[in-house]
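Written out below as structure tokens is the structure these notes cover.
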Amino acid sequence: MKVSENLSIIKENIDIACKKSGRNPDEVTIIAVTKYVTTERAEEAVETGIVNLGENRDTGLIEKWDALKERAIWHFIGTLQTRKVKNIIDKVAYIHSLDRLSLAEEINKRAEKQISCFIQVNVSGEDSKHGINPEDVISFIHNLKNLNKIKVVGLMTMAPLTEDEASIRRCFRGLKELQNKVQALQLEYAPCNELSMGMSNDYTIAVEEGATFVRIGTSLVG
């Protein structure tokens, strides 16, 4: 299917999820995750009106950035090795996978502008998932206070890969509750107004639970 046709279906599903939860669809930003598709398919997404593109490897991001440059807003959504920060830092607006102080320090060292960062939280507690333990998030944020190139705009998580909707919903709800705790701190460098959660298989549940960024690959671009 064309990206435009997929996008129409996704937007309709988001509208329904927003109506169920009393939200405005304008609060939800769709990130097209282009890591498994060609540069041409990414260009098709941009021509459809999707300006937010997500990549999880530095090589993939650089390849597509070379073709599209400022036509897209670039999100790094995968695990980021400290030594690869220098490869992508001047190209991205958002990093969704801040999960350790050494990475934060490297971002701060390399960035020429302030980078909007999501702290990745392992809400589900699965060994297979990266991210900070929920109980460590507040102390981690306090440790970022003097890193002036980092702005903690929100939290990110990945739900368990399961058909059990209750487990998925519990994970997303846990991230929302944690966001409320961070916002209560009223830190200028960590407003934490955003939640990056939900992918092709669970984005409607994520929207119902408060997602403001959904990262959609397969259902959108293939």
Side-chain angles (χ1 to χ4, degrees), residues 21-23 27-29 31 52 54 56 75-85 88-89 92-111 113-162 166-199 202-203 205-215:
S21 53
R23 298 185 63 200
E27 298 172 5
V28 182
T29 298
I31 301 170
N52 292 276
N56 74 329
H75 299 249
F76 194 87
I77 61 172
T79 300
L80 182 55
Q81 295 176 325
T82 305
R83 64 186 175 87
K84 294 189 174 181
V85 168
I88 59 102
I89 197 64
V92 299
Y94 293 87
I95 293 173
H96 289 244
S97 48
L98 179 57
D99 62 355
R100 59 199 187 280
L101 189 57
S102 60
L103 176 58
E105 290 171 341
E106 185 70 10
I107 292 168
N108 196 68
K109 172 185 170 184
R110 298 283 184 177
K113 63 181 188 298
Q114 194 172 57
I115 304 293
S116 295
C117 293
F118 289 84
I119 294 174
Q120 184 169 356
V121 187
N122 187 358
V123 180
S124 68
E126 294 172 279
D127 292 338
S128 61
K129 289 192 168 56
H130 292 271
I132 297 173
N133 292 328
E135 59 269 22
D136 297 330
V137 169
I138 299 295
S139 60
F140 179 69
I141 288 175
H142 284 308
N143 288 334
L144 304 177
K145 181 179 180 179
N146 296 319
L147 304 181
N148 64 347
K149 295 292 175 59
I150 288 179
K151 186 169 189 175
V152 180
V153 296
L155 306 176
M156 184 274 256
T157 200
M158 298 173 67
L161 190 60
T162 176
S167 296
I168 296 170
R169 197 173 293 277
R170 188 160 51 246
C171 179
F172 293 150
R173 197 165 287 171
L175 196 70
K176 178 66 179 177
E177 291 170 357
L178 189 55
Q179 180 198 32
N180 291 337
K181 292 178 182 178
V182 177
Q183 287 181 318
L185 300 173
Q186 296 186 313
L187 300 173
E188 187 176 347
Y189 67 93
C192 206
N193 295 322
E194 313 292 349
L195 287 179
S196 173
M197 57 189 195
M199 300 188 292
D202 56 19
Y203 68 90
I205 302 172
V207 169
E208 288 175 20
E209 296 299 336
T212 61
F213 284 81
V214 290
R215 312 178 305 272

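Owing to the predicted nature of the structure, the values given are computational and were not obtained by experimental measurement.
No donor-acceptor contact under 3.5 angstrom links the side chains of Asn122 and His130, judged on distance only. Side-chain N/O atoms of Thr82 and Arg100 include a donor and acceptor closer than 3.5 Å.
The distance from atom OG of Ser97 to atom CD of Gln81, rounded to the nearest 0.5 Å, is 11.0 Å. Leu101 contributes atom CG, which lies 6.5 Å from atom CG of Leu144 (distance to the nearest 0.5 angstrom). Here the CG atom belonging to Asn143 is positioned 10.5 Å from the CG atom belonging to Asp136, to the nearest 0.5 angstrom. Leu175 contributes atom CG, which lies 10.0 Å from atom CG of Asn180 (distance to the nearest 0.5 angstrom).
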Could you give the side-chain donor-acceptor pairs of residues 148-161 under 3.5 Å, partners two or more places apart or in another chain?
residue	atom	partner	partner atom	Å
Lys149	NZ	Ala111	O	2.9
Thr157	OG1	Val121	O	2.6

Donor-acceptor pairs are to be reported for all side-chain atoms of residues 187-198 against protein atoms at under 3.5 Å, with residues two or more places apart or in another chain.
residue	atom	partner	partner atom	Å
Tyr189	OH	Ile141	O	2.9
Asn193	OD1	Gln183	NE2	3.3
Glu194	OE1	Thr212	OG1	2.7
Ser196	OG	His96	ND1	2.8
Ser196	OG	Arg215	NH1	2.9

Please step through side chain to side chain contact (heavy atoms under 4.5 Å, CB included) for the pair Thr29 and Val214, ending with a clear verdict. CA-CA 6 Å; Thr29 298; Val214 290; over 6 Å; no
Does the side chain to side chain contact (heavy atoms under 4.5 Å, CB included) test come out yes or no for Gln120 and Lys129, once each step is laid out? CA-CA 10 Å; Gln120 184 169 356; Lys129 289 192 168 56; 5.8 Å; no
Going through the checks in order, is the side chain to side chain contact (heavy atoms under 4.5 Å, CB included) test met by Cys117 and Tyr94? CA-CA 6 Å; Cys117 293; Tyr94 293 87; over 6 Å; no
Evaluation steps, side chain to side chain contact (heavy atoms under 4.5 Å, CB included), between Ile205 and Phe172: CA-CA 8 Å; Ile205 302 172; Phe172 293 150; 4.0 Å; yes
Given Glu177 and Arg173, is the salt bridge (Lys or Arg N to Asp or Glu O under 4.0 Å) satisfied, shown in steps? CA-CA 6 Å; Glu177 291 170 357; Arg173 197 165 287 171; 5.9 Å; no
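Within the 4.5 Å cutoff, the side chain of Glu105 has no heavy atoms near those of the Leu103 side chain. At a threshold of 4.5 Å between non-hydrogen side-chain atoms, the residues Asn146 and Asn108 do not count as touching. In this structure, the side chains of Cys171 and Val123 come closer than 4.5 Å at one or more pairs of heavy atoms.
Between the side chain of Arg23 and the main chain of Val28, no donor-acceptor pair closer than 3.5 Å is present.
The number of heavy-atom neighbours closer than 6.0 Å to CD of Glu135, taken from other residues, nucleotides and ligands shown, is above 12.
Pairing each heavy atom of Thr162 with each of Ser167, the nearest pair is CG2-CB, 4.3 Å. Between Asn56 and Phe76 the shortest heavy-atom distance is O-CZ, 3.4 Å. In plain terms, the two heavy atoms of Phe140 and Asp99 that are nearest each other are CZ-C, 4.3 Å.
Salt bridge absent: Arg83 and Glu106 never bring a charged side-chain N and a carboxylate O closer than 4.0 Å.
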